[in-house]
Structure formats: structure tokens, C-alpha cells
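The structure under discussion appears below in the form of C-alpha cells.
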Amino acid sequence: MGSVLAASSPSPPPPPSAAGSASPGVTMPPGFGMPPVPPAAPPTGSGAGKEQRAESLLPNPGAFDECHRKCKEVFPMQMEGVRLVVNKGLSNHFQVNHSLLLSTTGDSSYRFGATFVGSKQTGPAEFFPVMVGDMDNSGSLNSQIIHQISSRIRSKVAFQTQQQKFVNWQGDAEFRGEDFTAMVTFGNPDVLAGSGIIITHYLQSITPSLALGGELVYHRRPGEEGSVLSLVGRYTASDFIATLTLGSAGAHASYYHKANEQLQVGVEFEASSRMQDSSASFGYQLDVPKANLQFKGSVDSNWVVGATLEKKLLPLPLSLVLCAFLNHQKNKFQCGFGITIG
Amino acid sequence: MDLIRKHCAHMGSVLALSSNPGHQNWPFSKDPLPSRWDAHPAHWDRPPRWERRDGRLPNPGSFHSLHRSCKDVFPHQIEGVKMIINKTLSSFFKVSHTLHLSAVSPSYYRFHVEHLQSDDYSKDKDAPALIGEMDSSGSLNAHALLHLTERVRARTVFQSQQSQFVTWQFETEYRGSDFTAAVTVANPDILRESVILVAHFLQSVSSGLVLGGELVYHRGRAEEGGILTLAGQYSRPNWVATLNAGKGGAHASYYHRANKQIQVGVEFEASTRTQETTTSFGYQMELPEANMVFRGMINSRCIIGGVLEKRLTPLPATLIMGAFVNHRGDKLQVGLGVNVG
């Protein structure tokens, strides 16, 4: 089952957001990132004395969306109500999951998801094509197909519906060069209405630890069109990663630090010119493998304090998740727990 | 009539308080399982010290605890996150801090203190004690249980909601050899000329059968009245059946201990005032090897609930997780709790 699990999305996708129209800058639903790729690590010292071949020793910088990912993974995910997830692997290629969510605030839902992994192997834990889909009890569908077309080109097609209406349909192609990555995404192209979003990403390794790049979003609707440009810089060291995104839509800076085997820390700062506000958050992740425990905590500048505790209940293939979030400013409290089987 | 309802509701909450607040932890107390568990379950936790079981009929206990063995099987509704820290300062003095973070009601911190007047307090819920509880909003809950003589007990209860007193009652109970008689004066108010007087009487008729009654007299400025309720309880070693019937309604409960691990309770309540009836089914499952107790219940109001308590050895902590679903109203309540000490 390892191949299926490694190639599929890291966690079941959260319920689709209520927003109907795609806004500029949004590329794909959260949790639907590309399967993990080998991390961009600086070469260990084999570059010394080989300046004439320095360019070919620059590592591929990875996907554009992965820049802030490591920092975001440290933060706990808010959850409420009771959740039961049952994962069942039917074969080496096929995995199925059922998820039942009883919610205290919204509607309860049952979701069925299936993951299919093909047999074309490109890396140690990567198999293509990958097809992931899930369906809600109200009929909302989330699906994506990821395929490696050639050794350097990977493409993805994703669809998302809210009950019977399609809210998101996009296709993208990513080219991984020796030391750069370029990606083009077509979001919600609608030939009849003459609307759509085109996003291009480019990320280039300048030195083994520094990667610079940019994102250009062009959106068009009948009557208006516009574009947003943002620049990205990422510096990777042996135990920290600092990333900065600057653009006309706002700024996003994140810092990820791995203190030791057990403790990881992340600091994030976001400013949005459209909504005219900014927020800073601090999060940490504590792993205690001996106790099969993982604890994530976060503090926010919006006076939100939250924590998640995840514990594997060996010898059963059970995992228990407890979560609580407290918003001091609005005096709101949310708690939830979940069980994952399999 | 509302005063009666409030009085009866408060009597219930008074009981919940005066019974050992750590009662939920009872299966995990440091004492081994009591050797009396095979005895009549109605009396197994509460025999008075002077009771003589030499062929004479046992004392039937107090009127409030008639339905207690069935009610203990049902899970308590929990909501939000609750942290309780119990600290025993000496064999007479216990203190507990409670912090409750809730999504639907205001969060609070509560301080609870117990002073016991005898140090062999194990599971006897009516041992003499002074109990006080204060909320972060200023609400006070105070009980005093005293043994005036060997057979006469007195209990005083004061409850205030922030600064206003809602309950002040005084109860005197006489425990004879095979009967119990109690008189309670609740909320006597000279200025408003209102009072509620309750008289209880329970008599052991045979070794398993207890019969009795309750007479409630309430008087307000504009009205006065009395309600008579008859009560009967039949207990065998493995089950207890209780019935209260009167003009105000009926309350029947059946408790059954299937084996060492499973206890089952069925309850039926009917009220003539609100014109509705409720039937509930509850069960309790104990797994001492796994240090776990699970209580589940289902209701005729389409409410399903379950609460799991797990002792996290070797830490002196207990983790409580529970959820209640109201299918008719489509509402869910989730709760987590940690009891330390």
C-alpha cells in the first residue's frame, strides 16, 4: 500500500469553500497539492572546484506552490464536530476512503473518495497517473488527474462542483528544467462567455540555496480584464527556509525552522492590499514518536489560539485527533475530535 | 407551579452536587471493587454505619436516591472543553478547580472545596460534609450535611445565581430502623409569604420492597396547593424497579446489572404539567483492563449520546470524550474533558 499512500494527496481534502467565483491568485483547492517531490536540497559540497559546471549543479527549485508549504504544514488545522474517516486499500493501485463529519455549526456530511495510482514509475515513491476523486452526500464532486507526460513535463486537470454546478475546472502543465520550473495554468476557461484565468509561474535557482521567481495572473471577464504580478524569493539553509512573496495583491512572508528532530517552528506574515489587513502567526509542531504523538499549536495576531493533538493508538490501526481553537477577541470557542481508521 | 418545578429541578441539581463530584471516577477509585457489589444494588453504596442486617428490614435510604442507580447509568451531557484539577489537601479537605471553555454558553472557572467531618468517606454519599462552590461570575453553591444524632441528619443548601439567591432550603431526615422520614423547607420567604414544604416517607415493607410517598405543599401570595406522589421500589440482587406516581406525573425506572461489565437502565417520565412523556434507554460498559468506561443512551426525543472515560495510566489523569446528537433538531454537541488528580 505504500506506493498508493505516498503518491496520493497527504490528507483528505476539506469541504469545498462556499465561494462560487474564482478570484485572481487562487490556483487550486487547498489540500490538492501535487504529490510530494524530492526536496530541493543544496549539494553537499561536490560543487567545490567545479565552477565551470556550477550551473548544472544547481538543483531544481521544486514547484512554485511548495514555497510556503513547509511553513504552513506546521500550523494546526481547524476542525470542529466529530469526524470519522475510514481508509481502505483495495489493492496496490486503488484506495477508497469514507468520511463522516457530524458538525456542530454547519451541516453534517458523508463523503466518499477514491484514489487510483497507475503503474508508470518515475521516482522512488512516485507513480503516475494519479486520479483522486471524492463525492459528497449533496453531490459535490472534487476530482483531479495528475499525469507525467514526459520525463520533464507533468500535467494536472482538476474539477470541482458545488452540488450540480461546476465552480472550478482547470488544467495545468509544469515543465521542470535543470535548475528552473515553469508552469502554466488555465483556470475556469469559458469560451462561450469569454472569461478565464491564465496563471504562469516561473522559479529559477540562482544559487544552491536561493531561488527567485515570479507569478503572473491574467484574468478576463466580459467587460473587464486585469493582471497581477508577484515576485517570489526563497532561501533554503540546512535547518531553515525563508520565503517572501511580494506583489500588487499583497505580501506573504514565511519562515520555517527545524530546531531538532522533534520540534519545528513556523512564523508567517500575510498582508493583503485588497482586504487592507495583515496578520502574523506563530506555530510549532512537536513530534514525540515514542508516544506516537504529534502536537501542533499556533498563536495569531487575530487573538486566535489553537492546538491539535494527534495520537496513533497502536496496536489498532487507529488515529485519534483532538482539536480546540479559541478566538479571544470574539470570545468564540470551537472543539472537535476525529478518528481515522486505516 | 413554576416554583415547584424550579424547586424540583434544583433538588436534582443539589443532589448532583452533594453526591461525590468525583463519582464519575468511582470505578477507578484506589479502593478495590467493593465486596458488597453482589448485595442489593439499591443499598450497595449507601448503608448507614449503624445498620444491622440481622434479619430485620434494612433502612430504605433517602427518597432522592430512589432512582439514582438507574440515573447513574446514563451519560452526562458534556460540551466544550473542561479541565478539572482535584487536589486532596488532607484526609478532611479536598479542593478542585474547574475550567470550562464552551462554545454555546459563557466559559467559566469554578472553585470547589469540601470539608469532610469524618475521614472514612469512601462511597457514602451522605457523609457529613461542608461543600462550597464558587463560580467566576460569582454564583455560589453551598451545602452543609450534618449528622445531628445517630439517626437524625440535617442538610442545608444555598444557591445563588451571581448575586441573587435562587435556593435556600433546610432539610431534616430521620432514619429509623426500617423507615426514613424527611421534612424539607424550601425557599421560605416571610416578606413574600411563600414557602414550599416537602415531606418524604419511605418504609421497607419486605426485604426487597420499599413503599413511600411525597407530599409537597406550596404556598405563594396568590395560590397554595398540595401534591401527593406515591413511590414504590422493588429490588433484587441484579435489578431494581422504581415507580413514582402522582397528580404531577409519573416516573418509572428499571435498572439491571447484566454482568460485571454491563449495566442497563430504562426510564420513563410523564408530566401532566407539560403534557409530554419521555422514554430513555441507557447502558454502561466497564472495561477495567482497558481502564475505560463507556456510557450510551438513546431517547424518545431522538437524542443519542455517548460518553467515553479513559484513565490514562500511569498519569493520574482521566480523559473524557462525549458527543450528543439531537436528530430532530439536527444539533450536535461535542465535549472533551481532562480530570487530573
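Chain letters run A, B, ... following the sequence lines, proteins first and then strands; every chain starts at 1.
Within 6.0 Å of CD on Q77(B) lie more than 12 heavy atoms contributed by other residues, nucleotides or ligands. Within 6.0 Å of NZ in K70(A) there are 12 or fewer heavy atoms belonging to other residues, nucleotides or ligands. In M135(A), the CE atom is crowded: over 12 heavy atoms of neighbouring residues, nucleotides or ligands sit closer than 6.0 Å.
For a residue to count as touching a neighbouring chain, one of its non-hydrogen atoms must lie under 4.5 Å from one of that chain's; by this rule S107(B) does not touch chain A. Looking at S108(A), there are no atoms closer than 4.5 Å to chain B (heavy atoms on both sides), in backbone or side chain.
Across N331(A), T104(A), D107(A), the residue that shares the most heavy-atom pairs under 4.5 angstrom with chain B is T104(A). Considering only heavy-atom pairs separated by less than 4.5 Å from chain A, the leading option among A323(B), P106(B), S102(B), G335(B) is S102(B).
Of all non-hydrogen atoms in V82(A) and L332(B), the two that sit nearest each other are N-CD2, 4.1 Å. The shortest heavy-atom contact between G80(B) and F333(A) is CA-CE2, 4.0 Å.
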Q: Apply side-chain contact (heavy atoms from CB on, under 4.5 Å) to E80(A) and V334(B), showing your working.
A: CA-CA 9 Å; E80(A) 52 93 26; V334(B) 168; over 6 Å; no
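To the nearest 0.5 Å, the span separating CG on L319(B) from CG on L320(A) amounts to 7.5 Å.
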